[in-house]
Amino acid sequence: MSFSSTFLDKIKTSVKISDIVSRHVYWDPKKSNLSKQDFWAPCPFHKEKTASFHVDDTKGFYYCFGCQAKGNVFSFLKEMEGISFFDAVKTLSEKAGIPLEIDNNVKSSTTSSEEEKLININEVACKFFTKYLFSTKGSIALNYLKDRGLSIDTIKEFKLGSSPSKSDGLINFLKSEGYNEQDIENAGLAYKPENKPLVDRFRNRVMFPISNLNDRVVAFGGRSLNTTYGAKYLNSPETKIFKKGSLLFNLKSAQKSSKNDPLVIVEGYMDVISLANNSINNAVAPLGTSLTKEQLQLIWRVCEEPILLLDGDNAGKLAATRAVELALPLISYNQTLRIANLPTNYDPDDLIKQRGKDALKDIIENSLALSHFIFINEKSQRKLDSPERLRKLHIELMNKLKKIEDFDLKKMFLSEINDRIRKLQFQNNTNIKQRRGLNSAENKIKPRTQTISRIQAAEKEINKLEAEIMFCLIKNPRFIEDFKAQLTDIDFSDEFFQKSFWQIRHEQLSNSSNIFNLISDQATQKNPPLKNHLIYNDQNKEEMSRNLLLNRISTLNLAKNRLESLKDLKIKIKTQRSDSQNNGESFEMIQSEYLRARGGSEFVEDSILRERKFDKESLDVFKKVRGRLSRKNNG
């Protein structure tokens, strides 16, 4: 009986050696570094008091500096528990939840030799594709990569290549190198249609080599340059050396950068390469499939808190949700996920090209904790306007979190969710009180049509306030950072302002002239007086602009509160339930606060107008006096 090296690697990536060793030792807290998955303990193979036994989770080995005992997870279990190699593999495969793969007809040495041959074929093919890319015949593929913004250094670093359009271009080359058709087909590089000769699997494609944990090429991904040749993206089929759910693109290289930065999980090859092209070298990607349990285990061996950065479209959001579902039963204090949210319909490559790499780094640095993402993701999918709906959200969140197997961590997650639900309930109760309409007397006097016109007027006023805030920000860009806390809470109702606000916060200001002009045009269209505003358009009035902006933010919040009350009142009038005097008092209080804030803003503006008028009058007087003196001196 024997096991393939691919199967054994799959187990090693799914089971941390430290988890197995920890049954027999106590880690030295001073020498061990949990964050780097580096552990030290007194050796279990010989008696000692000092911690000379070393376990490295990222490399999957152990070594004793005292007795020189060394090996991997299989040899440790075999030696420590006195069991056979077969039993060690069986025990660990059960722990990993991986079905045992036994081939009784193949000897281990034969299996190893065959797998080595398949790897060699793929590596020879990789060199062929690379050489073809930089030949005259590969110019279309090379120009495609250059148009994507990739440098020649990046193209060479990832060993990118191009495949010929001929049906047997690679086959003929590999035959000249001494490989037969069966070897080429077994390596996944060609296939044989029914009753037809062998043909190249990859034709007229940009080629992305896929490496195993030892950084050797075992498969390829190909991006079509012409739809005539099948699907846009095509991967090698699974072979004896390639199981796509057990490997990650760029893991070996990203591991070197993960000492300083967490791993970033993106969707595809080009996302990884684009990030590397912009000096972000810590990204990995699954191989054309959803993230698998084995891939998560691989990632956690390298990094405790990887960041999930998937596309901002619906498919990307769905993939992020699935990854979270997959991770929940597996998370613990030293292996979890964080989630970075890209803007809608952006992928990392788009964001870098349009906003720069600093914008992407900002999103990565502000990634959400897993518990926070789960809460806001579930909350965003429903309207929570009743205790029943809030309770339903609570129950569904509790059921979801029950999947966490780490008991203590599960309690902490549940406690956090309970706190968030309580806060949400308090906010809902407060909003319900504030949204109650006018008193019954006012309801009898003012018809429903007047309430509707007030709603329209309130919405128009909000549009003007939002326009004014954005106009102030582009006239005083430093305010974007100075008032970061106050501005974060603003939820712009205008979609253009919402997207533009995100852009000016994350884009370097030196490159923002175009978007500033667009914002100015939109703002002056919604609020025409801004074009000749006496404060915002005067660079010498920065402090006054600062005070006015704070007032406008406060006014906007009150205006939105007032609008919600008006909408609630409309519903109550329609259903003839607005007969409470307290409702009217609540609305009148909101109306009063709003008008007071508006009055405050107008007072500031009036003060500036008076000051401008005084300045002009003073200047006129000065000119007259200077004129008289000039005439007197000339006379």
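What you see below is based on every heavy atom in this structure, not just the backbone, and it leaves out hydrogens, waters and symmetry mates. None of the values given here were measured: they were computed from a predicted structure.
We find the CG-CG distance between Asp350 and Leu342 to be 9.0 Å, quoted to the nearest 0.5 Å.
The shortest non-hydrogen separation linking Leu263 to Ala254 is CD2-CB, 3.6 Å. Taking all atoms of both residues into account, the shortest heavy-atom contact from Leu401 to Lys410 is O-CG, 3.6 Å. Ile98 and Ser14 get closest at one heavy-atom pair: CD1-OG, 3.6 Å.
Taking a cutoff of 4.0 Å between a charged side-chain nitrogen and a carboxylate oxygen, Lys353 and Asp349 qualify as a salt bridge. Ion pair Glu116/Arg216 flagged as a salt bridge, since at least one NZ, NE, NH1 or NH2 atom sits closer than 4.0 Å to an Asp/Glu carboxylate oxygen. Taking a cutoff of 4.0 Å between a charged side-chain nitrogen and a carboxylate oxygen, Glu185 and Lys192 do not qualify as a salt bridge. For Lys400 and Glu396, the salt-bridge test fails: no basic side-chain N is under 4.0 Å from an acidic carboxylate O.
Side-chain atoms of Asp57 and Ser18 form a donor-acceptor pair, as typed in the model, at a separation below 3.5 Å. Tyr269 and Arg223 form no side-chain donor-acceptor contact under 3.5 Å, judged by distance and modelled atom types alone. Under 3.5 Å, the side chains of Gln37 and Thr58 contain no donor-acceptor pair of N or O atoms.
In this structure, Phe129 and Phe220 have perpendicular ring planes: the angle between them is above 60°, well past the 30° mark. The aromatic rings of Phe76 and Tyr62 sit perpendicular, their planes meeting at an angle over 60°, well past the 30° parallel limit.
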Requested in this report: Could you go through the side chain to side chain contact (heavy atoms under 4.5 Å, CB included) check for Asp9 and Asn212 one step at a time?
Outcome: CA-CA 10 Å; Asp9 283 343; Asn212 63 13; 5.9 Å; no
Query - Steps toward side chain to side chain contact (heavy atoms under 4.5 Å, CB included) verdict (Asp406, Asp408) - result: CA-CA 6 Å; Asp406 185 318; Asp408 292 327; 4.0 Å; yes
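For the pair Lys127 and Phe173, the cation-pi criterion (under 6.0 Å, within 45° of the ring axis) is not fulfilled.
Side chains of Ile273 and Phe249 form a contact here, defined as non-hydrogen atoms less than 4.5 Å apart.
Among Leu308, Asn377, Ile376, the single residue meeting the side-chain contact (heavy atoms from CB on, under 4.5 Å) criterion with Leu368 is Ile376.
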